[in-house]
Peer 1: 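For reference, the structure I am asking about is given below.
So that the names make sense, note that chain A is the first sequence line, chain B the second, and so on, each numbered from 1.
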Amino acid sequence: MSLESLPALLVTAESYDPAPVPQRPLIDSRQFGMLLFIVTEVMFFASLVSAYLIIRSGLEEWPPWGQPRLPVWSTALNTAVLLSSGVAAYLSGRQFRGGSGTAQRTLGISVALGTFFLVFQGYEWVQMLGFGLTVTSSTYGGLFYLIIGAHGVHVLGALIALAYTWMRMTPGQEQPLTQGGASAVRMLWYFVVGVWPILYVLVYLA
Amino acid sequence: MSETTAATATVQEHAHEEHHEMSFWEKYIFPTDHKMIGLQYMFTGMFMAAVGGYFAYAFRMQLAFPGMDVPLFGQVTPQIYNMLITNHGTIMIFWVAMPVLIAGFGNFLIPLMIGCDDMVFPRINRLSYQIFFVSTVVLLLSFFVKGGGFGGAWTAYPPLSSVPEYNLTNWGSSLWIVAVALEIIAFLLGGINFVTTTMNSRAPGMKMMDIPIVIWMINIAVIMFMASVGPLIAGAVMLFMDQRIGTTFFLPAGGGDPVLWQHLFWFFGHPEVYVVLFPTLGLVADVITTFSRKKLWGYRTILYTTIATGGLAFVVWAHHQFIAGIDPRMANVFVVTTLLISIPIAEVMFCYIATLYGGSIRFTVPMLWALGFLMTFLLGGVTGIYLGASGLNIYFHDSYFVVAHFHYTFFPITIIGMFGALYYWFPKMFGRHLNEFWGKVHFWGTLIPFNGIFLPLFLLGMAGQHRRIYNYEHFPDLASPDLQGLRVFATASLVIMLLFQIPFLINFFGSMFRGRKAEPNPWKANTLEWIVPSPPPHGNFKELPSVYRGPYEYSVPGNREDYWPQNMPDRN
Ligand code: HEM
Ligand SMILES: [Cu+2]
């Protein structure tokens with residue numbers, strides 16, 4: 001497998017042999033491809049959510065006896081951080097379309113906020129492990145790490161893609177970033193940001 | 001910034017790379033050309049079909065002659081038996097049906113039939129095959145690790161699949177999950193490419209209703225795959241965690257729920273059967289119309305019913321779990337949806353038969369296979385209705401009746417219909433014809449023994465023969481000579497059928513180099529792949545075609561010829 005195709009997978013299409021576009025496409029290919037990918041992702045997270053609900057409904061006590069409670073308030077704050085990152089990405093997109101030079105800086109803020117979210121989550125995990133909530137301590141722990149972990153992996157992947165887009169926004173690129181590529185990556189980020197509140201409510205609050 | 005982005009958009013459209021001379025390596029090993037990637041998928045699928053067929057041979061011999069030293073295999077112990085049936089099923093669905101029908105024909109046909117030079121993301125396409133190749137290697141390796149390959153059935157129900165002490169294949173079962181996961185990733189990448197290409201790269205003038213039905217079908221299948229595979233991925237991750245780090249998602253003892261896996265698996269599993277069905281329905285539609293010299297009957301009807309079937313297929317999954325302890329009220333709902341789904345499928349079949357009606361039918365080899373598909377698949381669909389009735393299902397579930405049912409669907413789809421397509425597009429793929437005579441021998445030598453294998457299995461199932469048992473001598477009720485006779489008959493038919501694949505292989509590889517040369521349009525068909533040379537050059541079309549009409553305008557009054565290529569502006 002060739003490594004150079006990896007970033008291509010995540011981001012833009014300039015590096016491909018561009019196929020001719022005989023008909024005016026209804027929607028940019030990269031955005032459309034990302035949309036299809038997100039369909040799968042939605043179903044993936046929906047399955048995790050239903051797994052959570054099914055297993056939980058089969059148990060009388062939730063969280064099970066002796067298992068720590070999750071940090072509701074600090075995570076609420078962290079949720080706000082992630083949502084702001086999504087907003088920043090959105091603003092950056094508007095600036096990029098409008099040709100404003102601030103697009104790169106705004107995207108930088110988005111990446112920074114996203115990174116903060118991830119690091120803070122990691123910190124909380126360490127704490128939870130210290131309190132005795134591990135993957136195998138109960139299905140409660142297992143589901144927590146499974147669902148929040150799956151989301152975390154997505155945050156990480158999407159952040160790498162965002163950071164790559166950010167890099168590509170630096171002026172003077174040989175092949176400058178295209179609108180389609182940039183917005184495909186933002187779509188991924190909106191998805192990752194957008195599922196989080198659902199997971200938060202489900203796993204932390206409900 | 002604005003100028004740069006505006007400039008890029010135009011660069012994007014015009015920077016079409018010149019096609020240069022390619023090295024052997026670029027052309028055959030790491031190609032980005034959709035045709036070559038399609039063939040890579042197809043050859044890998046053919047190889048895996050041989051492996052899967054060999055497995056079937058070994059376990060069928062054990063069932064017919066329990067305890068025998070199987071020629072060319074050896075002793076089939078219970079552990080080996082389980083590994084053989086598990087991987088036979090896994091291989092045939094994930095490593096034969098999917099790669100050959102969807103990835104193989106999809107890659108080869110989509111750009112040619114919609115009139116463009118390649119997929120939208122050629123490198124992602126290449127990556128897709130490479131991941132698929134790795135998945136194949138992982139699966140094959142899993143047979144040789146300590147403990148042997150996974151033996152918990154292709155449905156991998158926990159706790160058997162999740163606890164090494166139960167399945168005795170600590171490594172094999174985990175490698176099995178890894179292989180399936182990689183395979184899924186490969187098809188996701190390929191699928192995104194297919195749909196995006198069909199959406200954005202059609203030749204000018206090709207409207208939605210001018211797309212050949214096979215391309216529609218492949219796209220619908222791919223979209224269904226993408227919408228249904230999420231649950232399987234989630235389940236696979238959980239199963240893997242249960243196996244390797246000791247979580248208890250599916251273990252009742254630890255607060256988990258084994259039926260949860262069944263839901264996740266079958267939410268994917270049932271749509272999956274339509275994912276493999278649709279491409280073949282499409283391939284067969286093209287073959288049937290070409291050789292009826294008549295317009296496909298009810299293009300839109302077929303299209304819309306297929307989409308409806310695709311939607312319904314997402315709400316029938318629990319018919320696999322009627323006796324798994326699900327709520328009987330829920331079972332009732334699934335009985336209704338299951339019986340409903342046979343209506344649109346029957347409708348499509350009727351459309352095909354209506355296409356034949358009044359046509360001037362040419363009994364070419366591809367046509368024989370296509371008709372064979374209709375005939376045999378019908379029996380598969382009809383027996384599904386019996387299984388869908390939850391009352392009958394209590395008796396039939398996990399019996400050989402089920403095995404016969406799904407082989408009467410899968411075998412026509414994956415083998416019979418696929419051969420029709422292969423004989424039909426072979427001239428386009430390799431620029432030469434397959435031998436007609438040996439093609440007919442191959443057809444009858446496959447069709448008749450196929451029925452010989454699986455008709456007895458219906459009877460055995462009705463007699464109460466449970467599936468996944470390696471030696472019926474241990475069951476007095478099932479060890480009677482009558483039933484054993486049926487088993488021997490089925491196995492003998494299988495051996496005959498396998499032997500008839502030898503002339504095919506000789507024909508296939510021989511014709512590839514020595515066959516009669518094929519002209520661009522040997523069947524006088526309308527779709528765009530037939531206007532380019534056989535085999536098509538890298539880049540496909542010298543000049544991108546324009547499309548003036550739908551793909552099935554055969555025997556149109558007022559034309560001198562009985563076909564009317566899609567790209568021809570004037571009368572033909
Ligand atoms: C006409 C519509 C169909 C109906 C009503 C139907 C119904 C059913 C039912 C109720 C079962 C469960 C039997 C049991 O385990 O007790 C079943 C099993 C199965 N069907 Fe179908 N089916 C239909 C079409 C298909 C098609 C088109 C395929 C394949 C392409 C297919 C493949 C399978 C497979 C693989 C199984 C068994 C899976 C296993 O347990 O290993 N069916 N079918
Ligand atoms: Cu089903």
Peer 1: Who wins among B:Ile192, B:Leu264, B:Leu188 for the most heavy-atom pairs under 4.5 Å with chain A?
Peer 2: B:Ile192
Peer 1: Could you check if a side-chain atom of B:Phe121 sits within less than 4.5 angstrom of a side-chain atom of A:Arg30, using non-hydrogen atoms only?
Peer 2: yes
Peer 1: Nearest 0.5 Å, what's the OH-CG distance between A:Tyr52 and B:Leu260?
Peer 2: 14.0 Å
Peer 1: Judged by atom type as modelled, is there a donor-acceptor pair below 3.5 Å linking the side chain of A:Ser47 to the main-chain atoms of B:Ala234?
Peer 2: no
Peer 1: For A:Leu143, is it the side chain, the backbone, both, or neither that has a heavy atom closer than 4.5 Å to a heavy atom of chain B?
Peer 2: both
Peer 1: For B:Phe267, is it the side chain, the backbone, both, or neither that has a heavy atom closer than 4.5 Å to a heavy atom of chain A?
Peer 2: side chain
Peer 1: Count the heavy atoms of every other residue, nucleotide or ligand shown that sit under 6.0 Å from CZ of A:Arg56, and state whether that count exceeds 12.
Peer 2: yes
Peer 1: For the residue pair A:Leu146 and B:Phe249, establish whether any side-chain heavy-atom pair is separated by less than 4.5 Å.
Peer 2: yes
Peer 1: Working to the nearest 0.5 angstrom, can you tell me the gap between A:Ile55 CD1 and B:Phe250 CZ?
Peer 2: 7.0 Å
Peer 1: Heavy-atom count check: over 12 atoms from other residues, nucleotides or ligands less than 6.0 Å from B:Arg244 CZ?
Peer 2: yes
Peer 1: Measure across A:Val135 and B:Met241 and return the closest heavy-atom pair with its distance rounded to 0.1 Å.
Peer 2: CG1-CE, 3.7 Å
Peer 1: Pick one of side chain, backbone, both or neither for B:Val237, based on which atoms fall under 4.5 Å of a heavy atom in chain A.
Peer 2: side chain
Peer 1: I'd like to verify something: which residue of B:Thr248, B:Val195, B:Leu251 has the highest number of heavy-atom pairs under 4.5 Å with chain A?
Peer 2: B:Val195
Peer 1: Hey, what do you get for OG1 (A:Thr139) to CG (B:Asp257), rounding to the nearest 0.5 Å?
Peer 2: 10.5 Å
Peer 1: Using a cut-off of 6.0 Å, state whether more than 12 heavy atoms not belonging to B:Trp266 lie near its atom CH2.
Peer 2: yes
Peer 1: Taking all heavy atoms of B:Ile245 and all of A:Thr136, pick out the closest pair and write down the distance.
Peer 2: O-CG2, 2.9 Å
Peer 1: So, taking the atom named CZ in B:Phe268 and the one named CE in A:Met43, what distance separates them when rounded to the nearest 0.5 Å?
Peer 2: 12.0 Å
Peer 1: In Å, rounded to the nearest 0.5 Å, how long is the span from CG of B:Leu232 to CZ of A:Phe44?
Peer 2: 11.0 Å
Peer 1: Any idea which heavy atoms bring B:Met199 and A:Ile27 closest together, and the distance?
Peer 2: CE-CG2, 4.2 Å
Peer 1: To the nearest 0.5 Å, what is the distance between CG (A:Leu36) and OG1 (B:Thr196)?
Peer 2: 5.0 Å
Peer 1: Has B:Phe133 got more than 12 heavy atoms of other residues, nucleotides or ligands less than 6.0 Å from its CZ?
Peer 2: no
Peer 1: How about A:Tyr90: does its OH atom have over 12 heavy atoms from other parts shown lying under 6.0 Å from it?
Peer 2: no
